[in-house]
Enquirer: 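Starting off with a structure, shown below.
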Protein chains: 2
Amino acid sequence: MAVSEAKVSISAIPPLDGEGPLWLQIRRSLSLPIVSGRWPSGTRIPTEILLTAHFETSRMTVNKAIQSLATEGLVQRRPKIGTIVTEKARERPVFEIWDPADMVHQSGAHYSYRLIDTAIISSASELSRQFNCDETTPLFQVQCLHLSNKRPFQFEERVINLEAAPKIAHENLHAVSPGQWLLAHVAYTEARHLISARAASEKVANFLELTVGDPCLVVERRTWNANVPVTLGRFWYPGGDHSLHGSFKPSW
Amino acid sequence: MAVSEAKVSISAIPPLDGEGPLWLQIRRSLSLPIVSGRWPSGTRIPTEILLTAHFETSRMTVNKAIQSLATEGLVQRRPKIGTIVTEKARERPVFEIWDPADMVHQSGAHYSYRLIDTAIISSASELSRQFNCDETTPLFQVQCLHLSNKRPFQFEERVINLEAAPKIAHENLHAVSPGQWLLAHVAYTEARHLISARAASEKVANFLELTVGDPCLVVERRTWNANVPVTLGRFWYPGGDHSLHGSFKPSW
DNA sequence: GACTCGTATTTGTATAGTCAATTGAGGTTG
DNA sequence: CAACCTCAATTGACTATACAAATACGAGTC
C-alpha cells in the first residue's frame, strides 16, 4: 500500500531460463519477483539501459518485455521517472472485482471481518467430491463474515487443500482473512469463477440477516496451482442490496 | 460465422487521421473496418510488407500496430498465412460471456427466441429516470424470451434510445433479437454491467416458469455511444439452473 | 523564499535492416 | 496415388541507432 521507494539492483534480477524468445524470458524474469511479492508495489525496476547491458541485448528487446508487463498492468512507466511496480499488481487478475475489503472501501464504508469457524477434515466424502480431489487429501474448512459498516456484506465458506497450504492451519485467522492469507502465501496458476443466484439457506440467512429463501448472489472461486487444487471459496452476497459491476471502454 | 476468404485491397484501407503516434493511427485505421463489420471475420488483411509500402513507414511500426490488435483478439496471425479477422472480433468485449445464443449453443442445446412485446414510449418518467435520460427522449421498449431446448433460459427487458437507433422501431424483431440487431447496426463506445440476484416478480416468474420469489440472476447492461445512452438491457436467468462462469490463467 | 528555466534522465516512437520459424502449395519420386 | 521434398510467402525475433516527449531536479533570478 505504502509507496516504498526501493530500487531494484541489477543483481536481484532472476536469471533467464533460456526457453523461448528472449523478450519473453526477460518478461518472465521481471514478472517473477513482482507476482511473488519480492518487489512490492512502488519498487522501481532498473532502467532499460541497465537491463540492456545486464542481459546483453538491445534496448528494443528489453522495451518489448517491459511494455508487455505495462499493458497487463503489472507495472507503470513514465518518462524520466522509470518503471514502477503497480499497486496491487499481484492481486489484479483475481481481485479486481471480488475482494470484499476493496468493495466495501470503494463504497466509502467501514470494512470489518469476523471469523466464524474453522475445522480440519481428514476424510470427508461430500466435501472432497465438491472439491474434486482425492478423499484422503486433508482439507481445511473456514467460514467467515465480511461486514460493511458492521452490517453483513459477504458470507464466505471456503475449503483449502492442506497439502497445497499446510501452514494455514496454524495461522491466526482472526486477524487476517483466509483470502488475504492465501494471496500472500500460496501461488496459483489458474482460477475459475462461477456466478449464480440461490435462495438463502437457514445458515446463510442467519449470518447475512436475511429471511430463508431470500435471493443471494453467489460467487464461487476455485484456484489451482499446477493442476493441484488449492482452494474453493463460495461467497454469498445479499441479493438486492449489493451487486457486482464492471465497465469498460473498447480501446478502439 | 462462415469463413469468408475475402482479401482486403490496399485501397479499402481508411486514411490515417494524423493524431498521435503513427502506430496508433495505423491501428485505428485497421480496427475501424473490423469493428464496424465492413471486414467480416475470416477476412485477410494486407501483409506487413504491403502496409509498410502503403503507409510509407517501416515494418516494425506496422508490426506494432497489428500485434496490438492481435493481443486484443481482434485478429489472428500466423506465419505464411497472414493476418485474419477473428470470429466474433466485434462482439468479444461485450458478448464473450453474455450472449444468450452463444451460451445455449455452448451447452450443446438448441437455441430459440420469442418476441413478447414492443412499445414506443414518448414520455415515461419512470423509464426515463431508470435510463437516466431526458424525459422527452423517445424510447423503444422490448420484452423477449431466449430459450434453450424450448425451455426458458433468459428473459430480456430492454429500453432503447430511439434517437440513437431510430430504425429499430420498423425492424422485424420476430426474426432477429434486439441485442443482435443493435450489435449489427449501432456502435457503442462504452458499456457497463451490473450483476445482482433478485426474487422473481410475477411477470418474470411467469415467463421463466418459476414461482414468484424464486432467486434469479440479473444482469444489467447499459451502453453508450459518445456519452449518448443507447440501450439498457435487463436479463433475467433462473437462479439455480444456469450460471455465468469465467476462467483464466495468469499470463506469467 | 518563490518563481523560472535549462538540463539530464528515462521512456516513447520510428527507421532499416537481418535471420529464423512456420507452413501452404506445387512438384518429384517411389 | 501417396509420401516426401523444395520453395516461397509471411510473420516472429532481434539488432543498432536516432530523435522526440515528458518531467524531476537543480541552478539561477527576482
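Side chains included, hydrogens not; waters and symmetry mates left out as well; all remaining heavy atoms used. Here is how names work: the chains are called A, B, and so on, in the same order as the sequence lines, proteins then strands, and each is numbered from 1.
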Enquirer: Return the value, rounded to whole Å, for the distance between atom CH2 of A/W23 and atom C1' of D/dT15.
Expert: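 Checked: the CH2 to C1' distance equals 17 Å.
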Enquirer: Could you tell me whether B/R27 and B/E72 make a salt bridge, using a distance below 4.0 angstrom between a side-chain N and a carboxylate O?
Expert: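 Salt bridge: yes.
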Enquirer: Atom CD of A/E48 to atom C1' of D/dA16: distance rounded to whole Å?
Expert: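 Distance, rounded to whole Å: 14 Å.
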Enquirer: Supply the atom-to-atom distance A/H105 NE2 to A/Y111 OH, rounded to the nearest 0.5 angstrom.
Expert: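 Separation between the atoms: 8.0 Å.
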Enquirer: Within less than 4.0 Å of OP1 or OP2 of C/dT10, is there a side-chain N or O belonging to A/T83?
Expert: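 Looking at the OP1 and OP2 atoms of C/dT10, neither is under 4.0 Å from any side-chain N or O of A/T83.
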Enquirer: Phosphate oxygens OP1/OP2 of C/dT13: is one of them under 4.0 Å from a side-chain N or O of B/K64?
Expert: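 Checking B/K64 against C/dT13: at least one side-chain N or O falls below 4.0 Å of OP1 or OP2.
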Enquirer: Starting at atom CD1 of B/I84, determine the distance to atom C1' of D/dA9, rounded to an integer number of angstrom.
Expert: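 Taking CD1 of B/I84 and C1' of D/dA9, I get 14 Å after rounding.
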Enquirer: What is the distance from CD of A/E19 to C1' of D/dA13, rounded to the nearest Å?
Expert: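 In whole Å, D/dA13 C1' lies 17 Å from A/E19 CD.
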Enquirer: Pull out every residue in residues 49-59 of chain A that has a heavy atom closer than 4.0 Å to any atom of DNA chain C, ordered by number, or say none.
Expert: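 Here the set is A/R59.
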Enquirer: Under 6.0 Å from the ring centre and within 45 degrees of the ring axis: does the NZ or CZ of A/R192 meet both conditions for the six-membered ring of A/W224?
Expert: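 Checked: cation-pi criterion met.
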Enquirer: Could you check whether the rings of B/Y237 and B/F153 sit parallel, tilted or perpendicular, using 30° and 60° as the cut-offs?
Expert: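 Ring orientation of B/Y237 relative to B/F153: perpendicular.
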Enquirer: Between C/dT18 atom P and B/M60 atom CE, what is the distance in whole Å?
Expert: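 B/M60 atom CE is separated from C/dT18 atom P by 15 Å.
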Enquirer: What is the distance from NZ of B/K80 to C1' of C/dA25, rounded to the nearest Å?
Expert: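 Checked: the NZ to C1' distance equals 7 Å.
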Enquirer: Between C/dT10, D/dG12, C/dT13, spot the one nearest the side chain of B/N63, thanks.
Expert: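 Nearest listed nucleotide: D/dG12.
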Enquirer: Quick one: which of C/dT23, D/dG12, C/dT10 gets closest to the side chain of B/I81?
Expert: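 Of C/dT23, D/dG12, C/dT10, C/dT23 is nearest to the side chain of B/I81.
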Enquirer: Reckon B/R77 has a side-chain N or O less than 4.0 Å from the OP1 or OP2 of D/dG12?
Expert: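 Indeed, a polar side-chain atom of B/R77 lies that close.
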Enquirer: Calculate the interatomic distance between B/L22 atom CG and D/dC19 atom P; express it in whole Å.
Expert: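 Rounded to the whole Å, the gap is 18 Å.
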Enquirer: Check the distance between C/dG12's C1' and A/Q67's CD and give it to me in whole angstrom.
Expert: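 Rounding to the nearest Å, CD of A/Q67 and C1' of C/dG12 are 7 Å apart.
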Enquirer: Check whether B/N161 reaches the backbone of B/P229 with its side chain - one donor and one acceptor, N or O, closer than 3.5 Å.
Expert: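 Present.
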Enquirer: Considering every strand and a 4.0 Å limit on heavy-atom distances, what is the contact class for B/I66: base, sugar-phosphate, or nothing?
Expert: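 The residue B/I66 makes no contact with any strand.
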Enquirer: Distance from A/L16 atom CG to A/H54 atom NE2, nearest 0.5 Å?
Expert: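 Atom-to-atom, A/L16:CG and A/H54:NE2 are 7.5 Å apart.
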Enquirer: So, does A/R78 get its side chain near the phosphate of C/dG12, meaning an N or O under 4.0 Å from OP1 or OP2?
Expert: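 Negative; the distance criterion is not met.
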Enquirer: I'd like to know if A/E48 pairs up with A/R77 as an ion pair, taking the criterion as any Lys NZ or Arg NE/NH1/NH2 lying under 4.0 Å from an Asp or Glu carboxylate oxygen.
Expert: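 Salt bridge between A/E48 and A/R77, a charged N being under 4.0 Å from a carboxylate O: yes.
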